[in-house]
There are 2 protein chains.
Amino acid sequence: MTLERPDRDEIDLSAVLHALSDPQRRRIVAELAASEVPRPCGSFAPAITKSTRTHHFRVLREAGLVEQWKEGTSKMSRLRRDDIDARYPGLLDSVLESTPVG
Amino acid sequence: MTLERPDRDEIDLSAVLHALSDPQRRRIVAELAASEVPRPCGSFAPAITKSTRTHHFRVLREAGLVEQWKEGTSKMSRLRRDDIDARYPGLLDSVLESTPVG
DNA sequence: TAAATGATACGACGATCATCGAACTTTGTG
DNA sequence: CACAAAGTTCGATGATCGTCGTATCATTTA
């Protein structure tokens, strides 16, 4: 049961660029890209508050960058790399290349 | 005599992505990329006001995307494609590919 | 010198943003 | 049932944003 998200064809470039323009969100995306298995939201960006993290994940999800689904008490996240790569080839690669995961 | 702008090494990814997240600015960048010779600011995005255009060009210049210099009563603009490509390879190409100049 | 041209400066406006804390919901577990 | 864990919701706050109109400045030209 996946949460609502835009279809691949509806992913808007302005929304994607705006979502990636925030360092915290870019860090989350970089961590998602580097991790093999999906991880719960709480394991990302521990320096910020829970509510702020919820906000950032919603922005990422509504922009089409991230897919989310519930699993127990956690909410798992996955980078929609295939969709983004198909719609905006090279964009995510170039951004990730300049975004350290640390 | 060129107006103040960040050096290549100081171009910030957040600023670049934020600058490109606005459709009007992306359109200006696309037009700049498509035009061979530099053009005055006034020849871009005729649908918006002069003051708004000035604002957009300042955002683009401070982000490092555009270089500007005065020439008579006009202000000319040039896309800093070499600098952006060197600092964030592939980024501008992928964005321009999805941004129609029309 | 006076007029015209091209762009900037200065508020101002509503909108959106990132962040927070406190209260709440949902799910799993003793 | 009671408790804990993980997220969400709901204001609220201060900041920034895109846009505008008007006034102003700099430069060229008549």
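Just so we're on the same page: letters track the sequence lines, and every chain starts at 1. On a predicted model such as this, the values are computed, not experimentally measured, just so you know.
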- What pairs meet the ring pair (Phe, Tyr, Trp, His ring centres under 6.0 Å) rule with one or both residues in residues 3-36 of chain B, with sequence neighbours excluded? none
- Query: Tell me, which pairs form a side chain to side chain donor-acceptor pair (under 3.5 Å) where one or both residues lie in residues 50-59 of chain A, sequence neighbours left out?
  - Reply: A:R25-A:H56
- Name all residues meeting the side-chain contact (heavy atoms from CB on, under 4.5 Å) criterion together with A:P89; count only those two or more places apart in sequence or in a different chain, and write none if there are none. none
- Item | A:T49 vs A:G72, nearer the 5' end of DNA chain C by closest nucleotide | A:T49
- Treat primed atoms plus P, OP1 and OP2 as sugar-phosphate and everything else as base, then score nucleotides 6-15 of chain D 5' to 3': B for base contact with protein heavy atoms under 4.0 Å, S for sugar-phosphate contact only, - for none. SBBB------
- Message: Could you tell me how far apart B:I48 (CD1) and D:dC20 (P) are, to the nearest whole angstrom?
- Response: 7 Å
- Short N-O contact, B:E67 and B:R78, less than 4.0 angstrom: yes
- Note: chain A reaches DNA chain C at heavy-atom distances under 4.0 Å over the stretch, first to last nt, 5' to 3', of C:dC17 to C:dG28
Show the atom names and distances, to 0.1 Å, of all donor-acceptor pairs under 3.5 Å that link a side chain in residues 7-16 of chain A to residues at least two apart or in another chain.
| from | atom 1 | to | atom 2 | distance (Å) |
| --- | --- | --- | --- | --- |
| A:R8 | NE | A:D83 | OD1 | 2.7 |
| A:R8 | NH2 | A:D83 | OD1 | 2.9 |
| A:E10 | OE1 | A:D7 | N | 3.3 |
| A:D12 | OD2 | A:S14 | N | 3.4 |
| A:D12 | OD2 | A:A15 | N | 3.2 |
| A:S14 | OG | B:S21 | O | 3.2 |
| A:S14 | OG | B:R26 | NH1 | 3.0 |
| A:S14 | OG | B:R26 | NH2 | 3.0 |

- Query: What is the distance from NE2 of B:H56 to C1' of D:dC17, rounded to the nearest Å?
  - Reply: 10 Å
- Name all residues meeting the ring pair (Phe, Tyr, Trp, His ring centres under 6.0 Å) criterion together with B:F44; count only those two or more places apart in sequence or in a different chain, and write none if there are none. B:F57
- Task: Would you tell me if any nitrogen or oxygen in the side chain of B:T52 comes within less than 4.0 Å of OP1 or OP2 on D:dG18?
- Result: no
- Those residues at least two apart in sequence (or on a different chain) that pass side chain to side chain donor-acceptor pair (under 3.5 Å) with B:D85 are none
- Check side chain to side chain donor-acceptor pair (under 3.5 Å) between A:E71 and all other residues, then give those that pass, not counting sequence neighbours. A:W69
